[in-house]
There are 2 protein chains.
Amino acid sequence: MAGDLAAGKSKAAAACQVCHGMDGQATQPMVAHISGQQKEYLVAQLEAYRSGKRQHVQMSIISSTLTDADIDNLAEWYSSIEVSVTPPD
Amino acid sequence: MAGDLAAGKSKAAAACQVCHGMDGQATQPMVAHISGQQKEYLVAQLEAYRSGKRQHVQMSIISSTLTDADIDNLAEWYSSIEVSVTPPD
(Lines give C-alpha, C1' and ligand atoms only; values in the text may rest on other atoms or scores of the structure.)
Protein backbone atom coordinates (compact mmCIF):
# COMPACT_ATOMS: atom_id res chain seq x y z
CA MET A 1 0.00 0.00 0.00
CA ALA A 2 1.08 3.54 -0.60
CA GLY A 3 0.00 4.78 2.82
CA ASP A 4 -1.65 8.09 3.50
CA LEU A 5 0.96 10.58 4.70
CA ALA A 6 -1.53 13.08 6.12
CA ALA A 7 -3.46 10.39 7.95
CA GLY A 8 -0.20 9.02 9.29
CA LYS A 9 0.86 12.43 10.54
CA SER A 10 -2.47 12.87 12.26
CA LYS A 11 -2.34 9.43 13.87
CA ALA A 12 1.27 10.01 14.94
CA ALA A 13 0.18 13.17 16.73
CA ALA A 14 -2.45 11.18 18.60
CA ALA A 15 -0.65 7.91 19.31
CA CYS A 16 3.13 8.25 18.99
CA GLN A 17 4.49 11.72 19.50
CA VAL A 18 4.51 11.78 23.30
CA CYS A 19 7.38 9.27 23.31
CA HIS A 20 8.73 9.27 19.74
CA GLY A 21 8.19 12.90 18.74
CA MET A 22 6.50 14.01 15.54
CA ASP A 23 9.92 13.82 13.86
CA GLY A 24 10.65 10.36 15.25
CA GLN A 25 13.35 11.50 17.66
CA ALA A 26 12.63 9.98 21.05
CA THR A 27 11.77 12.38 23.83
CA GLN A 28 12.42 9.91 26.64
CA PRO A 29 15.14 7.44 27.63
CA MET A 30 14.80 3.84 26.39
CA VAL A 31 12.60 4.91 23.49
CA ALA A 32 13.70 4.22 19.91
CA HIS A 33 14.32 6.93 17.39
CA ILE A 34 12.13 5.97 14.46
CA SER A 35 12.80 8.82 12.03
CA GLY A 36 13.38 7.56 8.51
CA GLN A 37 13.24 3.88 9.39
CA GLN A 38 12.40 1.81 6.35
CA LYS A 39 8.66 1.48 5.92
CA GLU A 40 8.64 -2.33 5.86
CA TYR A 41 10.64 -2.38 9.11
CA LEU A 42 8.18 -0.07 10.85
CA VAL A 43 5.20 -2.11 9.64
CA ALA A 44 6.86 -5.34 10.80
CA GLN A 45 7.62 -3.96 14.27
CA LEU A 46 4.12 -2.55 14.78
CA GLU A 47 2.62 -5.86 13.66
CA ALA A 48 4.98 -7.75 15.97
CA TYR A 49 3.90 -5.63 18.94
CA ARG A 50 0.23 -6.01 17.99
CA SER A 51 0.50 -9.80 17.67
CA GLY A 52 2.48 -10.15 20.89
CA LYS A 53 5.60 -11.45 19.16
CA ARG A 54 7.48 -8.37 20.39
CA GLN A 55 6.58 -7.23 23.88
CA HIS A 56 6.74 -3.80 25.48
CA VAL A 57 4.59 -2.31 28.22
CA GLN A 58 3.45 0.74 26.29
CA MET A 59 3.78 -0.50 22.71
CA SER A 60 1.78 -3.66 23.33
CA ILE A 61 -1.16 -1.55 24.49
CA ILE A 62 -0.87 1.17 21.84
CA SER A 63 -0.42 -1.25 18.94
CA SER A 64 -3.56 -3.13 19.97
CA THR A 65 -5.58 -0.04 19.03
CA LEU A 66 -4.12 0.22 15.52
CA THR A 67 -5.82 -0.99 12.35
CA ASP A 68 -3.83 -2.26 9.36
CA ALA A 69 -4.46 1.10 7.70
CA ASP A 70 -3.20 2.96 10.78
CA ILE A 71 0.00 0.93 10.70
CA ASP A 72 0.47 1.58 7.01
CA ASN A 73 -0.14 5.30 7.43
CA LEU A 74 2.11 5.64 10.49
CA ALA A 75 4.89 3.79 8.70
CA GLU A 76 4.41 6.09 5.72
CA TRP A 77 4.82 9.14 7.97
CA TYR A 78 7.87 8.08 9.93
CA SER A 79 9.64 6.53 6.93
CA SER A 80 9.19 9.79 5.00
CA ILE A 81 11.33 11.76 7.44
CA GLU A 82 14.75 12.41 5.95
CA VAL A 83 17.74 11.60 8.09
CA SER A 84 21.35 12.63 7.74
CA VAL A 85 24.10 11.21 9.92
CA THR A 86 27.57 12.23 11.04
CA PRO A 87 29.78 9.58 12.63
CA PRO A 88 32.30 10.71 15.27
CA ASP A 89 35.80 11.61 14.05
CA MET B 1 30.00 2.07 31.78
CA ALA B 2 31.52 4.66 29.52
CA GLY B 3 32.15 2.28 26.66
CA ASP B 4 35.19 2.27 24.42
CA LEU B 5 34.40 4.13 21.20
CA ALA B 6 37.37 2.78 19.24
CA ALA B 7 36.67 -0.79 20.32
CA GLY B 8 33.03 -0.30 19.40
CA LYS B 9 33.95 0.99 15.96
CA SER B 10 36.22 -1.99 15.41
CA LYS B 11 33.59 -4.47 16.55
CA ALA B 12 30.94 -2.74 14.41
CA ALA B 13 33.16 -3.24 11.38
CA ALA B 14 33.39 -6.94 12.16
CA ALA B 15 29.88 -7.74 13.34
CA CYS B 16 27.37 -5.09 12.27
CA GLN B 17 28.30 -3.10 9.21
CA VAL B 18 27.25 -5.59 6.55
CA CYS B 19 23.60 -4.95 7.42
CA HIS B 20 23.60 -1.76 9.52
CA GLY B 21 26.47 0.17 7.92
CA MET B 22 29.29 1.76 9.88
CA ASP B 23 27.11 4.86 10.19
CA GLY B 24 24.08 2.88 11.35
CA GLN B 25 22.09 3.39 8.16
CA ALA B 26 20.75 0.04 7.04
CA THR B 27 22.07 -1.28 3.75
CA GLN B 28 19.30 -3.83 3.27
CA PRO B 29 15.49 -3.93 3.46
CA MET B 30 13.94 -4.88 6.82
CA VAL B 31 17.02 -3.81 8.75
CA ALA B 32 16.79 -1.06 11.37
CA HIS B 33 18.66 2.18 11.12
CA ILE B 34 20.55 2.39 14.41
CA SER B 35 22.46 5.65 13.99
CA GLY B 36 22.26 7.79 17.08
CA GLN B 37 19.89 5.52 18.97
CA GLN B 38 20.11 6.14 22.68
CA LYS B 39 22.81 4.02 24.26
CA GLU B 40 20.55 2.40 26.83
CA TYR B 41 18.10 1.42 24.08
CA LEU B 42 20.85 -0.22 22.02
CA VAL B 43 22.16 -2.10 25.07
CA ALA B 44 18.65 -3.28 25.94
CA GLN B 45 17.94 -4.55 22.42
CA LEU B 46 21.27 -6.38 22.10
CA GLU B 47 20.70 -7.97 25.52
CA ALA B 48 17.14 -8.92 24.51
CA TYR B 49 18.41 -10.62 21.35
CA ARG B 50 21.17 -12.36 23.29
CA SER B 51 18.77 -13.65 25.95
CA GLY B 52 16.18 -14.75 23.40
CA LYS B 53 13.55 -12.28 24.60
CA ARG B 54 13.66 -10.63 21.18
CA GLN B 55 14.05 -13.00 18.25
CA HIS B 56 15.56 -12.47 14.82
CA VAL B 57 17.28 -14.96 12.52
CA GLN B 58 20.53 -13.03 12.15
CA MET B 59 20.53 -10.98 15.34
CA SER B 60 19.92 -13.97 17.59
CA ILE B 61 23.07 -15.61 16.21
CA ILE B 62 25.25 -12.49 16.13
CA SER B 63 24.27 -11.34 19.61
CA SER B 64 25.18 -14.74 21.05
CA THR B 65 28.81 -14.00 20.22
CA LEU B 66 28.88 -10.65 22.06
CA THR B 67 30.31 -10.09 25.52
CA ASP B 68 28.90 -7.46 27.88
CA ALA B 69 31.87 -5.28 26.96
CA ASP B 70 31.18 -5.75 23.23
CA ILE B 71 27.59 -4.64 23.75
CA ASP B 72 28.68 -1.62 25.74
CA ASN B 73 31.25 -0.64 23.14
CA LEU B 74 28.93 -1.17 20.17
CA ALA B 75 26.23 0.89 21.86
CA GLU B 76 28.83 3.59 22.50
CA TRP B 77 29.74 3.68 18.81
CA TYR B 78 26.28 3.75 17.31
CA SER B 79 24.88 6.14 19.92
CA SER B 80 27.72 8.56 19.19
CA ILE B 81 26.63 9.11 15.59
CA GLU B 82 24.91 12.45 15.25
CA VAL B 83 21.57 12.49 13.48
CA SER B 84 19.60 15.36 12.00
CA VAL B 85 16.10 14.93 10.67
CA THR B 86 13.81 16.74 8.24
CA PRO B 87 10.11 15.87 8.29
CA PRO B 88 8.14 16.12 5.01
CA ASP B 89 6.44 19.44 4.27
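These values consider heavy atoms only, across backbone and side chains, with no hydrogens, waters or symmetry-generated copies. Order of the sequence lines fixes the chain letters, A, B, ..., with proteins taken first and strands second; residue numbering starts at 1 for each chain.
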Same hydrophobic cluster for [X] and [Y], using side-chain heavy-atom links shorter than 4.5 Å among ILVMFWY?
{"X": "B:I71", "Y": "B:L74", "answer": "yes"}
{"X": "A:Y78", "Y": "A:L5", "answer": "yes"}
{"X": "A:Y41", "Y": "A:V43", "answer": "no"}

Expected contact set for residues 50-66 of chain B against chain A at heavy-atom separation under 4.5 Å reads B:R54
Contact list (residues 79-89 of chain B to chain A, heavy-atom gap under 4.5 Å, by number) returns B:S80, B:I81, B:E82, B:V83, B:S84, B:V85, B:T86, B:P87, B:P88
Max heavy-atom pairs within cutoff under 4.5 Å with chain B, candidates A:V31, A:L42, A:I34, goes to A:V31
Note: vs chain B, highest number of non-hydrogen pairs under 4.5 angstrom among A:A32, A:G36, A:S35 is A:A32
If one checks every heavy atom of A:E40 against chain B at 4.5 Å, the contacting part turns out to be both
Heavy atoms of A:Q38 and B:P29 approach each other most closely as OE1-CA, 3.6 Å
